[in-house]
2 protein chains.
Amino acid sequence: MADMQTLGELEQLILLAILRLGPEAFGLSIARELELQAGRRLSRGALYTTLDRLELKGLVRWKLETGGPERAGLPKRLYTVSARGVSALRASQRVLDRMWRGLDDIFGERSS
Amino acid sequence: MADMQTLGELEQLILLAILRLGPEAFGLSIARELELQAGRRLSRGALYTTLDRLELKGLVRWKLETGGPERAGLPKRLYTVSARGVSALRASQRVLDRMWRGLDDIFGERSS
DNA sequence: CAAATCGAGTCTACAACGTAGACTATGGCG
DNA sequence: CGCCATAGTCTACGTTGTAGACTCGATTTG
């Protein structure tokens, strides 16, 4: 795992949204979570291309959910973050955290 | 300041590096700080084009320092982060913070 | 049942951001 | 002067972020 390429800003947010949603993470719910929590509105394109690229890098996976009782047979992709995805996310967090350290008092917002 | 466009991942780091360095922030010292704190190595190109773009967006400014005693007359650009730069940075932090909230326990690293 | 609608995902194209490395210019030094 | 070092410029390209029109099956509705 020598040099893990860095995550883009949106990539981070999408990974985080998936983690937040747990087993209910599919395309549009991810977009909703992002808008709700981060005030960030995405188009379909923005969402799915990023998801595809994360998949390509092995940071997320998905399996089809074949519809339950309601939504008879209408499948959707349930996304999960892979172990490598979690690591990449933590690496990004670690770097930012380190760079903020000492500045929090002056410019920061970390309320808790 | 309705919708402040989001900062790229490197843009955030460079802004933070400048804040950390205070009055000693010029091109190469920024690169050094980034490597030191974040383990992120940048080429000249990566550094200055990003700096130029931040300037264009009004997030950083610089003034020439005309050499002191040593370095007689050799000028360098001393960078500072503008008020808008600080806001943009805080906005990014706020979003990430919010997205991480609740996940810290499971996946987080925030040691303190 | 055809038409309108909705939810989920695909595809194409382009703008913005991240990156490298060769190049210029000026000063110090043997 | 020739050479090394520092600070910054320029060109070019790969990666990430973005929009919106399109497909396709299901549900609603007149």
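Computed over heavy atoms, backbone and side chain alike; hydrogens, waters and symmetry mates excluded. Just so it is clear, the model here is predicted, and its values are computed rather than measured. So you know, we letter chains A, B, ... as the sequences are listed, proteins then strands, and number each from 1.
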Open item on the list: Quick one, B:L16 with A:L96, criterion side chain to side chain contact (heavy atoms under 4.5 Å, CB included). Give me CA distance, side-chain angles, the key distance, then yes/no.
Closed with: CA-CA 9 Å; B:L16 285 167; A:L96 274 173; 3.8 Å; yes
Open item on the list: Can you measure B:F26 atom CZ to D:dG8 atom C1' for me and round it to whole angstrom units?
Closed with: 11 Å
Open item on the list: Output the rounded distance in Å from CG (A:L21) to P (C:dA8).
Closed with: 13 Å
Open item on the list: Quick check on side-chain contact (heavy atoms from CB on, under 4.5 Å): which of A:L13, A:L59, A:I14 does A:L7 satisfy it with?
Closed with: A:L59
Between the protein and nucleotides 15-19 of chain D, which nitrogen or oxygen pairs come in under 3.5 angstrom?
from	atom 1	to	atom 2	distance (Å)
D:dT16	OP1	A:K57	NZ	3.2
D:dG17	OP1	A:E9	N	2.8
D:dG17	OP1	A:L10	N	2.9
D:dG17	N7	A:R53	NH2	2.1
D:dT18	OP2	A:R40	NH2	2.9
D:dT18	O4	A:T49	OG1	3.3
D:dA19	OP2	A:S43	N	3.2
D:dA19	OP2	A:S43	OG	3.3
D:dA19	N7	A:S43	OG	3.1

Task: Full working for side chain to side chain contact (heavy atoms under 4.5 Å, CB included) between A:L28 and A:R44 - done: CA-CA 8 Å; A:L28 296 197; A:R44 285 342 194 342; 3.5 Å; yes
TODO: Provide the closest heavy-atom pair for A:R20 versus B:R98 in the form atom of the first, atom of the second, distance.
DONE: NH1-O, 3.3 Å
Open item on the list: Measure CD/B:Q12 against C1'/C:dC17 and give the value in whole Å, please.
Closed with: 12 Å
TODO: Round to a whole Å and report the spacing from CD of A:E24 to C1' of C:dG7.
DONE: 14 Å
Task: Nearest heavy atoms of A:E33 and A:A17, plus distance in Å - done: CG-CB, 4.1 Å
Open item on the list: Without decimals, in angstroms, what is the distance between B:D52 CG and D:dT9 P?
Closed with: 7 Å
- [ ] Begin with the C-alpha distance, continue with both residues' side-chain angles, and end with the deciding distance and a verdict on side chain to side chain contact (heavy atoms under 4.5 Å, CB included) for B:K76 and B:L64.
- [x] CA-CA 5 Å; B:K76 52 189 174 182; B:L64 271 188; 5.8 Å; no
- [ ] Can you tell me the distance, in whole Å, between the CG atom of B:L13 and the P atom of C:dC17?
- [x] 15 Å
- [ ] To the nearest Å, give me how far apart NZ (A:K76) and P (D:dA26) are.
- [x] 15 Å
Task: Distance below 4.0 Å between A:Y48 side-chain N/O and C:dG9 OP1 or OP2 - done: yes
- [ ] Can you tell me the distance, in whole Å, between the CH2 atom of B:W62 and the P atom of D:dA7?
- [x] 15 Å
